[in-house]
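Let me begin by presenting the structure, written as structure tokens, before commenting on it.
Because the structure is predicted, anything quoted here is derived from the model rather than measured.
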Amino acid sequence: QPPRDMSKQIDEMLAQDRSQNSAFQNPLFHPGLDYWLESKRTLLQPYETMPAEMASQLESSLLNCPDSLDADTPHLYHNVLSLPHPTSIFFPNEPIRLVSNEPVDPTKTHPKHNDIYSRTSLARIMSKFDLDTLFFIFYHYQGTYEQFLSARELSIRGWQFNKVNRCWFYKEVEKLPPGMEQSEEISWRYFDYQKSWLARRCGAEFVYREEEFERI
Amino acid sequence: TNKERMLLVFTEWVKLLQRVPSDDVKVAVFISQMIEKGVLSETNNVIEFTKAALELSVGSFKESDPTSEVFTATDAFSKLIVNLLVLQDFSEVDRSSYFKLIFSVITFVFSEDQGKTENTFNERPYFRLFSSLLCDWEDISSHNFVKVEDQRCRAQLVEFNKEFYRVIASFLHAYQPIAFPGFSFAWITLISHRMFLPKMLKLPEKAGWSQLVLLFTDLLKFMAQYTKKQDVPDAVSVVYKGALRVFLAVANDAPEFLVENHYELLNNLPHVYMQLRNVVLSAFPKHVSIPNPYNPKLSIDTVKICDQPPNVFYDPVHDLKTLKKPVDNYLRIPSASLSRTISSNVFRSEYEKDNGIGFDTVSVDVKLINAIVLHVGIEAALEKQRTTANAVFNVKSSYYTLLADLLNDGTTEVRFHVVQAIANQLRYPNAHTQWFNYVLKNFFNSEEWGENKTEIQEIIVRTLLERIVTNKPHCWGIIVTFTDLLKSTECSLMDLPFVKDVPEVELIIKHL
Amino acid sequence: LGIDLSPVLHSLGIPNNQPSRNRVLDTFQSPWVETSRSEVEPKFFVPE
């Protein structure tokens, strides 16, 4: 427990530090080091009641309180496609990423519906995008959070990403009528992002090799 | 000047990062050229560069149009630091020292800025620097630094990773609100940052826990210091609201952190924050299923999970000071002289102010009492596992009598704090909750107090009641114990004089 | 006496006063509701 008045002791400590510690000799550390040491005084002996100066600093801190925009992930380089486009003044100006605390739809049962992204507005919006849009984001916003979310959404819809040819594949399972030799027929589709920008059926020679596909 | 040349280099860096993605090879080439040309060849160069870059970043923030990008230079500086940590060869200097050096310089620039500008100090660029550092580090460190191709470097970085967070945590401790009130709100936002707090909570082997407890303690101490009963400054109320929200988030994501650190956290939690205390104490481990405490047929002794003692991260035995030997000796072989030693050594050497409910000062060492009570509970639960329940669920056992003697020999104040400490262990169903429930029930009905019985009963009822009349959450153990007292056939609460004397209390108890 | 925590929990994305299976600290915008109006980018990983 610190005794009542520590000012003298603190002064002595600081003087001793100054003479012994080489950091004090380095002019580059001044005057910052001196200011920093002053803050130790209040740590060692906090004020009983908040002095006016401290109250004013606290209020100033409150006024300048960093918000969620300040805490957001920095992006210095902006993908050309992600720059804001000029839009009509009749379109809403508010950002898409407003916080909303609507509960997750209880009918959604995919395991990813409980991950940290499921409740974010971007992920929710993407759940309403059609495949074309998702593929566009995936291939043209490489390395971004948006690409990640589009991959997540595609994965939720059953698509798998092939690491070798960089295409997304979908396994179609068709239940056959009873009495046939097999109970279901499996066919594969892939999205051709390079040429036709369409989903195409895979040829009969297609063989699914699990190791070629990304585990998302 | 040297400084001007460094500023030129930094400005080029800022421009480069706006033109290419941060994983572009040109970024690595830039760093490599910086090193080759000796820009950061010596310690003093590192210091000067860091100072220049930070001063430019803060300056450009202050001068920028607030509706534009105000953090460009700050964000670029953050990426520079991360790149320097990742790309340089650290065979001669270790990474941790290098990082601490940069952070120390940042701290001195920060201190000077806030010292000179006082209440026009703006915390935002400093906040942004630390926030961006955390984001940029998360990006490179993800999946065990898989983005780093050099395997040797990658292994070193994996090793260094927890050190990165520990260095940040230790500097955050230096920036705490009592030291830098002008940074308070940024500080609270930083300790709860999505790239810091979950990381610290989940570091392997709980490596981040001690520092997190320290940081939360810094926050609680600040709140405790400036929460007066008569009036709480508005800004402190806002601090409290933020703190409450952070604790609730921790209770949701990582309740085990609150469960295992309740002792240390409560040592610094002011009495008046009753609900916050309940938030900490009502946390329970994720996979435990809690029986309904309001079920009138519930008997705590039939709850299976009460076999399990809760984990306690910091052993309170370290806080027993000179009483460690007497307490442990007493538990082995109780004696009146040991008991007297314990009872007479729970006092402080001088009064301390405290904003309690119904009191303004304390003359007892509350932390010591908390330590004794928890230590006895831990030992009792261990004894139960080693031998039988009868060894400890027994009013003649040394575990019970040690606490009973504290009440018998103690002043009203001692009694109050001992009962409070016991109530702090009435949490989710576990071995401690079960044993302390036994202790408190027996204390309530015991005839050994003589003329002090009513006072002790009053302290017990007050302690439990104040934790129940608050808004939720309520601790399972408190509800169950209070229900046990209400159901008690030995003594009806309604007949007690201190209940009859206060109509409001009588009404509450009648209602319950 | 504290306050009714339901709105506070709701603002955190914790429904029904029950611990949610969803971790909220990973998308935590700010300790105060007033400074939490926009979402923040959480950590994520894009494979090579």
Side-chain angles (χ1 to χ4, degrees), chain A residues 1-4 22-24 26-80 116 120 141-145 148, chain B residues 14 17-23 44 47-48 51 71-72 75-76 78-79 105 107-112 114-116 118-124 127-128 131-132 135-136 174 176-186 189 193-194 221 225-226 228 233-236 238 348-350 352-353:
Chain A
Q1 295 297 324
R4 283 297 134 204
S22 61
F24 282 89
N26 190 334
L28 287 173
F29 285 143
H30 293 280
L33 182 51
D34 304 296
Y35 281 105
W36 179 69
L37 280 171
E38 272 311 296
S39 76
K40 297 298 169 197
R41 206 179 282 274
T42 35
L43 271 178
L44 286 165
Q45 195 174 22
Y47 298 110
E48 265 304 316
T49 45
M50 199 181 285
E53 184 191 304
M54 183 182 184
S56 159
Q57 287 172 328
L58 186 61
E59 270 172 36
S60 162
S61 174
L62 171 54
L63 281 171
N64 286 319
C65 185
D67 64 10
S68 44
L69 290 170
D70 283 1
D72 206 359
T73 306
H75 291 297
L76 285 156
Y77 170 76
H78 293 286
N79 184 331
V80 155
I116 63 173
T120 61
Y141 282 68
Q142 303 229 11
T144 64
Y145 178 53
F148 167 81
Chain B
V14 177
L17 285 185
Q18 293 174 283
R19 285 171 173 69
V20 304
S22 50
D23 55 359
N44 277 351
I47 295 169
E48 239 193 301
K51 261 181 118 172
F71 292 126
T72 308
D75 290 346
S78 162
K79 286 199 162 43
V105 177
T107 304
F108 296 150
V109 173
F110 169 91
S111 304
E112 183 182 341
Q114 74 82 43
K116 284 183 174 162
E118 287 187 347
N119 48 4
T120 59
F121 172 71
N122 196 321
E123 60 199 334
R124 288 176 65 211
F127 169 83
R128 179 68 176 200
S131 169
S132 295
C135 292
D136 290 334
Q176 63 180 284
I178 288 184
F180 294 103
F183 193 66
S184 302
F185 285 84
T189 312
H193 198 281
R194 70 192 180 288
K221 278 187 178 161
Q225 189 72 22
Y226 299 113
K228 305 297 172 195
D234 285 341
V236 177
V238 181
R348 301 171 56 87
S349 50
E350 44 176 51
E352 178 164 278
K353 286 204 182 149

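- Contacts of B:P177 classified as side-chain contact (heavy atoms from CB on, under 4.5 Å), with partners at least two apart in sequence or in another chain: B:S184, B:W187, B:F222.
- Contacts between A:E53 and chain B at a heavy-atom distance below 4.5 Å involve the side chain alone, from C-beta outward.
- Within the 4.5 angstrom heavy-atom criterion, atoms from both the backbone and the side chain of A:A71 approach chain B.
- Using a 4.5 Å cut-off between heavy atoms, B:D136 touches chain A through its side chain atoms alone.
- With a 4.5 angstrom heavy-atom cutoff, B:V20 touches chain A only via backbone atoms.
- Remark: aromatic rings of B:F183 and B:F110 are close, center separation under 6.0 Å.
- The pair B:E48-B:K51 does not count as a salt bridge, with every side-chain nitrogen at least 4.0 angstrom from each carboxylate oxygen.
- If you tally non-hydrogen atom pairs under 4.5 Å between each of A:T73, A:N64, A:T42 and chain B, the highest count goes to A:N64.
- Comparing B:K353, B:H193, B:K116 by how many heavy-atom pairs each has under 4.5 Å with chain A, the most go to B:K116.
- Among the candidates B:I47, B:T120, B:T189, the residue making the largest number of heavy-atom pairs closer than 4.5 Å to chain A is B:I47.
- With a threshold of 4.5 angstrom between heavy atoms, B:F121 approaches chain A through N, CA, C or O but not through any side-chain atom.
- Interface residue B:S131: only side-chain heavy atoms are found under 4.5 Å from chain A.
- Residue B:K221 places its NZ atom among 12 or fewer non-hydrogen atoms of other residues, nucleotides or ligands, all under 6.0 Å distant.
- Side chain of B:R128 to backbone of A:D70: a donor-acceptor contact under 3.5 angstrom is found.
- Environment of OH in A:Y77: crowded, with over 12 heavy atoms of neighbouring residues, nucleotides or ligands closer than 6.0 Å.
- Top candidate by heavy-atom pairs under 4.5 Å with chain A, chosen from B:P181, B:C135, B:A174, B:S78, is B:P181.
- Scanning for side chain to side chain donor-acceptor pair (under 3.5 Å) contacts around A:S68 gives C:S38, with sequence neighbours left out.
- For a residue to count as touching a neighbouring chain, one of its non-hydrogen atoms must lie under 4.5 Å from one of that chain's; by this rule A:L69 touches chain B with the backbone only.
- For B:Q225 (side chain) and A:Y47 (main-chain N/O), a donor-acceptor pair under 3.5 Å exists by modelled atom type.
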